[in-house]
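Following: one structure in C-alpha coordinates, then a few remarks.
Excluded from the calculations below are hydrogen atoms, water molecules and symmetry mates; all remaining heavy atoms, backbone and side chain alike, are included. Index from 1, following the sequence. Not measured: the values here are computed from a predicted model.
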Amino acid sequence: MQKKQKKFADDGWAIWIDGEDTSTVYINNWLNPKGKSYVDLAIRIRGVKSSKALNVYVPFMVSYDEIEDVSLLFNDTKILQATFSAACIVDYKKNEHTSEIAYNGKTVDIVHISTLEYEMKPLSDGTLINVNLEKLNASLDNDEAYFIWRMPHKSLEEILKPRVDVGNAMSRLRDLITTPVVSEKYGYSIRVNESRLLPEEITRIGAFHRQKLKKAVITLSIDESYELNDGGCYRIRRLEENLYKDYLPKGYIFDDVITYQWNQDRENNGQGQFNFYYNLSKNSVSKSSMTLYMILLLAISVTGDLLAAAVQALIEFLI
(Lines give C-alpha, C1' and ligand atoms only; values in the text may rest on other atoms or scores of the structure.)
Protein backbone atom coordinates (compact mmCIF):
# COMPACT_ATOMS: atom_id res chain seq x y z
CA MET A 1 0.00 0.00 0.00
CA GLN A 2 1.31 3.43 -0.88
CA LYS A 3 1.79 5.54 2.23
CA LYS A 4 1.27 9.21 1.62
CA GLN A 5 2.93 11.60 4.01
CA LYS A 6 0.61 12.50 6.85
CA LYS A 7 -0.61 16.07 6.58
CA PHE A 8 -1.08 18.00 9.80
CA ALA A 9 -2.07 21.52 10.85
CA ASP A 10 -2.13 22.99 14.35
CA ASP A 11 -4.18 26.18 14.43
CA GLY A 12 -4.60 28.74 17.18
CA TRP A 13 -7.84 30.74 17.20
CA ALA A 14 -8.61 33.58 19.59
CA ILE A 15 -12.00 34.96 20.64
CA TRP A 16 -12.45 37.57 23.33
CA ILE A 17 -15.06 40.14 24.24
CA ASP A 18 -14.12 43.48 25.73
CA GLY A 19 -16.71 43.71 28.49
CA GLU A 20 -18.44 41.76 31.23
CA ASP A 21 -19.56 38.58 29.53
CA THR A 22 -19.31 34.82 29.45
CA SER A 23 -19.21 33.59 25.87
CA THR A 24 -19.50 30.26 24.06
CA VAL A 25 -17.69 29.55 20.80
CA TYR A 26 -18.89 27.14 18.11
CA ILE A 27 -16.62 26.14 15.22
CA ASN A 28 -18.09 23.96 12.49
CA ASN A 29 -15.62 22.60 9.93
CA TRP A 30 -17.15 21.72 6.56
CA LEU A 31 -14.44 19.42 5.23
CA ASN A 32 -14.47 19.03 1.45
CA PRO A 33 -11.40 17.31 -0.08
CA LYS A 34 -12.90 17.72 -3.58
CA GLY A 35 -13.19 21.50 -3.38
CA LYS A 36 -13.30 24.35 -0.91
CA SER A 37 -13.56 23.61 2.78
CA TYR A 38 -15.46 26.07 4.95
CA VAL A 39 -15.76 27.01 8.60
CA ASP A 40 -18.82 28.38 10.36
CA LEU A 41 -17.88 30.50 13.35
CA ALA A 42 -20.62 31.26 15.89
CA ILE A 43 -20.17 33.19 19.13
CA ARG A 44 -22.84 33.46 21.81
CA ILE A 45 -22.38 36.48 24.06
CA ARG A 46 -24.19 36.75 27.37
CA GLY A 47 -24.13 40.28 28.71
CA VAL A 48 -23.82 41.71 25.22
CA LYS A 49 -25.36 45.06 26.20
CA SER A 50 -22.55 45.75 28.64
CA SER A 51 -19.82 44.62 26.22
CA LYS A 52 -17.84 47.03 24.06
CA ALA A 53 -16.29 44.88 21.33
CA LEU A 54 -16.15 41.38 19.88
CA ASN A 55 -12.66 40.34 18.74
CA VAL A 56 -11.87 37.25 16.67
CA TYR A 57 -8.44 36.15 15.48
CA VAL A 58 -8.59 33.85 12.45
CA PRO A 59 -5.36 31.86 11.82
CA PHE A 60 -5.30 32.60 8.07
CA MET A 61 -5.91 35.53 5.77
CA VAL A 62 -9.55 36.30 5.06
CA SER A 63 -11.18 39.24 3.29
CA TYR A 64 -14.57 40.95 3.43
CA ASP A 65 -15.83 39.30 0.26
CA GLU A 66 -15.07 35.84 1.73
CA ILE A 67 -17.37 36.39 4.73
CA GLU A 68 -20.85 34.90 4.22
CA ASP A 69 -23.60 35.93 6.62
CA VAL A 70 -25.36 32.60 7.11
CA SER A 71 -27.62 34.14 9.76
CA LEU A 72 -29.64 35.49 6.84
CA LEU A 73 -30.79 31.90 6.22
CA PHE A 74 -32.50 31.80 9.60
CA ASN A 75 -35.85 32.92 8.20
CA ASP A 76 -36.14 29.19 7.39
CA THR A 77 -37.50 27.64 10.59
CA LYS A 78 -36.26 24.19 9.50
CA ILE A 79 -32.69 25.46 9.45
CA LEU A 80 -33.26 27.08 12.85
CA GLN A 81 -34.59 23.82 14.25
CA ALA A 82 -31.55 21.90 13.01
CA THR A 83 -29.10 24.56 14.22
CA PHE A 84 -30.52 25.01 17.72
CA SER A 85 -31.83 21.44 18.15
CA ALA A 86 -35.17 22.86 19.24
CA ALA A 87 -38.41 24.23 17.88
CA CYS A 88 -37.86 27.96 17.28
CA ILE A 89 -40.06 30.98 16.74
CA VAL A 90 -38.33 33.70 14.71
CA ASP A 91 -39.02 37.39 14.29
CA TYR A 92 -36.89 37.69 11.15
CA LYS A 93 -35.17 41.04 10.49
CA LYS A 94 -36.82 42.63 13.50
CA ASN A 95 -34.70 45.68 12.75
CA GLU A 96 -31.83 46.60 10.46
CA HIS A 97 -29.19 44.55 12.27
CA THR A 98 -30.92 41.75 14.17
CA SER A 99 -33.54 39.03 14.20
CA GLU A 100 -35.01 37.56 17.35
CA ILE A 101 -35.62 33.92 18.11
CA ALA A 102 -37.40 32.20 20.97
CA TYR A 103 -36.47 28.62 21.89
CA ASN A 104 -36.25 26.46 25.00
CA GLY A 105 -38.02 29.09 27.06
CA LYS A 106 -35.67 31.98 26.27
CA THR A 107 -35.35 34.76 23.71
CA VAL A 108 -32.10 35.85 22.06
CA ASP A 109 -30.94 38.16 19.29
CA ILE A 110 -29.29 36.95 16.09
CA VAL A 111 -26.94 39.62 14.73
CA HIS A 112 -26.65 39.92 10.95
CA ILE A 113 -22.99 40.78 10.58
CA SER A 114 -23.37 41.72 6.91
CA THR A 115 -25.29 44.83 7.97
CA LEU A 116 -22.55 46.04 10.31
CA GLU A 117 -19.41 48.05 9.75
CA TYR A 118 -16.68 45.89 11.24
CA GLU A 119 -12.90 45.98 10.96
CA MET A 120 -10.68 43.30 9.43
CA LYS A 121 -6.98 43.80 10.12
CA PRO A 122 -4.31 41.56 8.51
CA LEU A 123 -1.71 40.31 11.00
CA SER A 124 1.52 38.39 10.48
CA ASP A 125 -0.16 34.97 10.49
CA GLY A 126 -3.85 35.68 10.10
CA THR A 127 -6.66 38.20 10.41
CA LEU A 128 -8.17 40.11 13.33
CA ILE A 129 -11.90 40.83 13.10
CA ASN A 130 -13.31 43.53 15.38
CA VAL A 131 -17.02 44.26 15.82
CA ASN A 132 -18.07 47.40 17.73
CA LEU A 133 -20.80 46.25 20.11
CA GLU A 134 -21.54 49.67 21.53
CA LYS A 135 -22.83 50.88 18.16
CA LEU A 136 -25.03 47.80 17.97
CA ASN A 137 -26.61 48.36 21.39
CA ALA A 138 -29.63 50.32 20.11
CA SER A 139 -30.63 47.37 17.91
CA LEU A 140 -30.47 44.77 20.71
CA ASP A 141 -33.63 43.83 22.62
CA ASN A 142 -32.04 41.01 24.62
CA ASP A 143 -28.87 40.66 26.67
CA GLU A 144 -27.86 37.48 24.84
CA ALA A 145 -26.87 37.50 21.16
CA TYR A 146 -25.42 35.17 18.53
CA PHE A 147 -22.94 36.21 15.85
CA ILE A 148 -22.48 33.66 13.08
CA TRP A 149 -20.76 33.67 9.70
CA ARG A 150 -19.08 31.32 7.20
CA MET A 151 -15.73 31.68 5.45
CA PRO A 152 -13.28 29.47 3.53
CA HIS A 153 -11.24 27.35 5.93
CA LYS A 154 -7.84 27.81 4.36
CA SER A 155 -5.92 25.73 6.91
CA LEU A 156 -7.97 22.68 5.95
CA GLU A 157 -7.65 23.52 2.26
CA GLU A 158 -3.87 23.48 2.66
CA ILE A 159 -3.60 20.06 4.33
CA LEU A 160 -6.15 18.52 1.94
CA LYS A 161 -4.51 19.94 -1.18
CA PRO A 162 -3.34 17.16 -3.53
CA ARG A 163 0.43 16.85 -3.74
CA VAL A 164 2.50 15.23 -6.45
CA ASP A 165 4.88 12.48 -5.33
CA VAL A 166 8.26 13.47 -6.78
CA GLY A 167 10.24 10.59 -5.29
CA ASN A 168 12.58 8.26 -7.15
CA ALA A 169 11.05 7.52 -10.58
CA MET A 170 11.70 3.75 -10.48
CA SER A 171 10.37 3.44 -6.90
CA ARG A 172 7.31 5.42 -7.90
CA LEU A 173 6.73 3.16 -10.92
CA ARG A 174 7.13 0.06 -8.75
CA ASP A 175 4.60 1.41 -6.23
CA LEU A 176 2.11 2.18 -8.97
CA ILE A 177 2.34 -1.38 -10.30
CA THR A 178 2.50 -3.33 -7.03
CA THR A 179 0.46 -1.22 -4.56
CA PRO A 180 -2.59 0.39 -6.19
CA VAL A 181 -4.26 1.21 -2.84
CA VAL A 182 -3.42 4.65 -1.47
CA SER A 183 -3.68 5.48 2.23
CA GLU A 184 -4.33 9.14 3.01
CA LYS A 185 -4.01 10.49 6.54
CA TYR A 186 -4.80 13.95 7.86
CA GLY A 187 -4.53 15.51 11.30
CA TYR A 188 -5.93 18.83 12.49
CA SER A 189 -5.80 20.55 15.85
CA ILE A 190 -7.89 23.54 16.90
CA ARG A 191 -6.70 25.43 19.96
CA VAL A 192 -8.87 28.27 21.21
CA ASN A 193 -7.16 31.10 23.13
CA GLU A 194 -3.90 29.22 23.63
CA SER A 195 -1.30 31.96 23.75
CA ARG A 196 1.72 30.03 22.50
CA LEU A 197 0.10 29.49 19.09
CA LEU A 198 -1.02 33.09 18.63
CA PRO A 199 0.93 35.96 17.08
CA GLU A 200 2.49 38.58 19.30
CA GLU A 201 -0.03 41.16 18.10
CA ILE A 202 -2.70 39.18 19.99
CA THR A 203 -0.82 38.04 23.10
CA ARG A 204 0.21 41.57 24.03
CA ILE A 205 -3.40 42.78 24.13
CA GLY A 206 -4.49 43.06 27.75
CA ALA A 207 -8.18 42.47 27.02
CA PHE A 208 -7.33 39.09 25.47
CA HIS A 209 -5.91 37.83 28.78
CA ARG A 210 -9.06 38.91 30.61
CA GLN A 211 -11.36 36.97 28.29
CA LYS A 212 -14.08 34.76 29.74
CA LEU A 213 -14.87 31.75 27.60
CA LYS A 214 -17.41 29.44 29.17
CA LYS A 215 -17.42 26.71 26.56
CA ALA A 216 -16.12 25.77 23.13
CA VAL A 217 -17.86 23.31 20.82
CA ILE A 218 -16.26 21.91 17.66
CA THR A 219 -18.25 20.17 14.93
CA LEU A 220 -16.68 18.35 12.00
CA SER A 221 -18.81 17.60 8.93
CA ILE A 222 -17.41 14.99 6.54
CA ASP A 223 -18.67 12.52 3.98
CA GLU A 224 -18.84 8.79 4.57
CA SER A 225 -15.76 7.88 2.51
CA TYR A 226 -13.49 9.08 5.34
CA GLU A 227 -12.82 7.38 8.65
CA LEU A 228 -12.55 9.52 11.77
CA ASN A 229 -10.85 8.70 15.03
CA ASP A 230 -13.93 9.61 17.06
CA GLY A 231 -12.93 8.34 20.50
CA GLY A 232 -13.01 11.88 21.89
CA CYS A 233 -16.42 12.78 20.47
CA TYR A 234 -19.08 14.09 22.79
CA ARG A 235 -21.84 13.33 20.33
CA ILE A 236 -22.11 11.70 16.89
CA ARG A 237 -25.14 12.13 14.71
CA ARG A 238 -26.41 12.08 11.16
CA LEU A 239 -27.00 15.56 9.84
CA GLU A 240 -30.74 16.19 9.60
CA GLU A 241 -31.00 15.97 5.83
CA ASN A 242 -34.41 17.54 5.31
CA LEU A 243 -33.89 20.26 7.90
CA TYR A 244 -30.38 21.36 7.00
CA LYS A 245 -30.07 20.78 3.27
CA ASP A 246 -30.44 24.45 2.26
CA TYR A 247 -27.78 25.47 4.77
CA LEU A 248 -24.86 23.43 3.46
CA PRO A 249 -21.98 25.15 1.62
CA LYS A 250 -21.72 24.92 -2.14
CA GLY A 251 -20.35 21.59 -3.33
CA TYR A 252 -21.85 19.54 -0.50
CA ILE A 253 -24.38 16.75 -0.97
CA PHE A 254 -26.49 16.64 2.16
CA ASP A 255 -27.13 12.89 2.15
CA ASP A 256 -23.36 12.22 2.29
CA VAL A 257 -22.75 14.33 5.38
CA ILE A 258 -22.23 13.10 8.92
CA THR A 259 -21.34 15.48 11.76
CA TYR A 260 -19.12 14.62 14.72
CA GLN A 261 -19.17 16.92 17.73
CA TRP A 262 -16.73 17.56 20.57
CA ASN A 263 -17.58 19.52 23.69
CA GLN A 264 -15.11 20.88 26.24
CA ASP A 265 -16.57 22.79 29.17
CA ARG A 266 -14.76 25.09 31.59
CA GLU A 267 -17.51 25.91 34.07
CA ASN A 268 -15.12 26.70 36.90
CA ASN A 269 -12.21 28.15 34.93
CA GLY A 270 -12.99 31.15 32.76
CA GLN A 271 -9.37 31.25 31.64
CA GLY A 272 -9.47 27.61 30.53
CA GLN A 273 -7.92 26.60 27.26
CA PHE A 274 -9.69 24.47 24.67
CA ASN A 275 -7.75 22.01 22.55
CA PHE A 276 -9.47 19.77 20.01
CA TYR A 277 -7.68 17.27 17.80
CA TYR A 278 -8.98 14.90 15.18
CA ASN A 279 -7.44 12.73 12.49
CA LEU A 280 -8.96 11.35 9.31
CA SER A 281 -7.98 8.50 7.05
CA LYS A 282 -9.10 7.20 3.69
CA ASN A 283 -8.04 4.23 1.58
CA SER A 284 -8.70 4.41 -2.13
CA VAL A 285 -7.55 2.91 -5.40
CA SER A 286 -4.94 5.04 -7.14
CA LYS A 287 -6.16 6.47 -10.44
CA SER A 288 -2.55 6.57 -11.61
CA SER A 289 -2.19 2.83 -10.91
CA MET A 290 -5.40 2.03 -12.79
CA THR A 291 -4.24 4.13 -15.75
CA LEU A 292 -0.88 2.37 -15.75
CA TYR A 293 -2.59 -1.04 -15.59
CA MET A 294 -4.76 -0.15 -18.60
CA ILE A 295 -1.70 1.00 -20.54
CA LEU A 296 0.17 -2.20 -19.68
CA LEU A 297 -2.82 -4.38 -20.60
CA LEU A 298 -3.20 -2.53 -23.88
CA ALA A 299 0.52 -2.86 -24.60
CA ILE A 300 0.48 -6.58 -23.79
CA SER A 301 -2.62 -7.07 -25.94
CA VAL A 302 -1.09 -5.24 -28.91
CA THR A 303 2.24 -7.03 -28.46
CA GLY A 304 0.47 -10.40 -28.24
CA ASP A 305 -1.52 -9.73 -31.41
CA LEU A 306 1.66 -8.72 -33.28
CA LEU A 307 3.52 -11.76 -31.99
CA ALA A 308 0.66 -14.10 -32.97
CA ALA A 309 0.50 -12.55 -36.43
CA ALA A 310 4.29 -12.95 -36.82
CA VAL A 311 4.17 -16.62 -35.74
CA GLN A 312 1.28 -17.33 -38.12
CA ALA A 313 3.14 -15.64 -40.99
CA LEU A 314 6.26 -17.68 -40.20
CA ILE A 315 4.27 -20.94 -40.19
CA GLU A 316 2.62 -20.08 -43.51
CA PHE A 317 6.05 -19.24 -44.99
CA LEU A 318 7.52 -22.55 -43.85
CA ILE A 319 4.56 -24.48 -45.21
Q) Would you call N75 and V90 a side-chain contact if the rule is heavy atoms closer than 4.5 Å? A) no
Q.
Determine whether a donor-acceptor pair (N or O, by modelled atom type, separation under 3.5 Å) exists between the side chain of T127 and the backbone of K121.
A. no
Q. Does CD in E119 sit with more than 12 non-hydrogen atoms of other residues, nucleotides or ligands closer than 6.0 Å?
A. no
Q: Mind checking salt bridge (Lys or Arg N to Asp or Glu O under 4.0 Å) for K154 and listing every partner two or more places apart, or none if nothing turns up?
A: E66
Q | From OG1 (T77) to CD1 (I89), nearest 0.5 Å | A | 10.5 Å
(Q) Are the side chains of F60 and P152 in contact, using a 4.5 Å heavy-atom criterion? (A) no
Q. Just how far is it from atom CG of D109 to atom NZ of K49, taken to the nearest 0.5 Å?
A. 7.5 Å
(Q) For a 4.5 angstrom cut-off between non-hydrogen side-chain atoms, does L72 reach S114? (A) yes
Tabulate below the donor-acceptor pairs under 3.5 Å that side-chain atoms of residues 99-106 make, not counting sequence neighbours, or state none.
{"from": "S99", "atom 1": "OG", "to": "K93", "atom 2": "N", "distance (Å)": "2.6"}
{"from": "S99", "atom 1": "OG", "to": "H112", "atom 2": "NE2", "distance (Å)": "2.7"}
{"from": "E100", "atom 1": "OE1", "to": "K94", "atom 2": "NZ", "distance (Å)": "3.2"}
{"from": "E100", "atom 1": "OE2", "to": "K94", "atom 2": "NZ", "distance (Å)": "3.1"}
{"from": "E100", "atom 1": "OE2", "to": "N142", "atom 2": "ND2", "distance (Å)": "2.9"}
{"from": "Y103", "atom 1": "OH", "to": "Y146", "atom 2": "OH", "distance (Å)": "3.0"}

**Q.** Flag for T219-Q261: side-chain donor and acceptor within less than 3.5 Å
**A.** yes
Q: Decide yes or no for R196 and R191: does some side-chain heavy atom of the first lie under 4.5 Å from some side-chain heavy atom of the second?
A: yes
Q. Is it true that a side-chain atom of N95 and a backbone atom of H97 form a donor plus acceptor pair closer than 3.5 Å?
A. yes
Q. How would you list, by chain and number, every residue that makes a side chain to side chain contact (heavy atoms under 4.5 Å, CB included) with D11, sequence neighbours excluded?
A. W13, P59, H153, S155, Y188
(Q) Per the ring pair (Phe, Tyr, Trp, His ring centres under 6.0 Å) rule, what does the pair list look like for residues 61-82, sequence neighbours excluded? (A) Y64-Y118
**Q.** Distance-only donor-acceptor check, side chains S189 and N275, under 3.5 Å
**A.** yes
**Q.** Under the salt bridge (Lys or Arg N to Asp or Glu O under 4.0 Å) test, residues paired with D18 that sit two or more places apart
**A.** none
Q) Are the aromatic ring centres of W262 and Y278 under 6.0 angstrom apart? A) yes
(Q) What's the separation between atom CG in L198 and atom OG in S124, rounded to the nearest 0.5 Å? (A) 10.5 Å
**Q.** Partners meeting salt bridge (Lys or Arg N to Asp or Glu O under 4.0 Å) with R46 (sequence neighbours left out)
**A.** E144
**Q.** Polar contact flag, side-chain donor to acceptor under 3.5 angstrom, D40-Y247
**A.** yes
Q.
Could you tell me if the side chain of V62 sits less than 4.5 Å from the side chain of M120, heavy atoms only?
A. yes
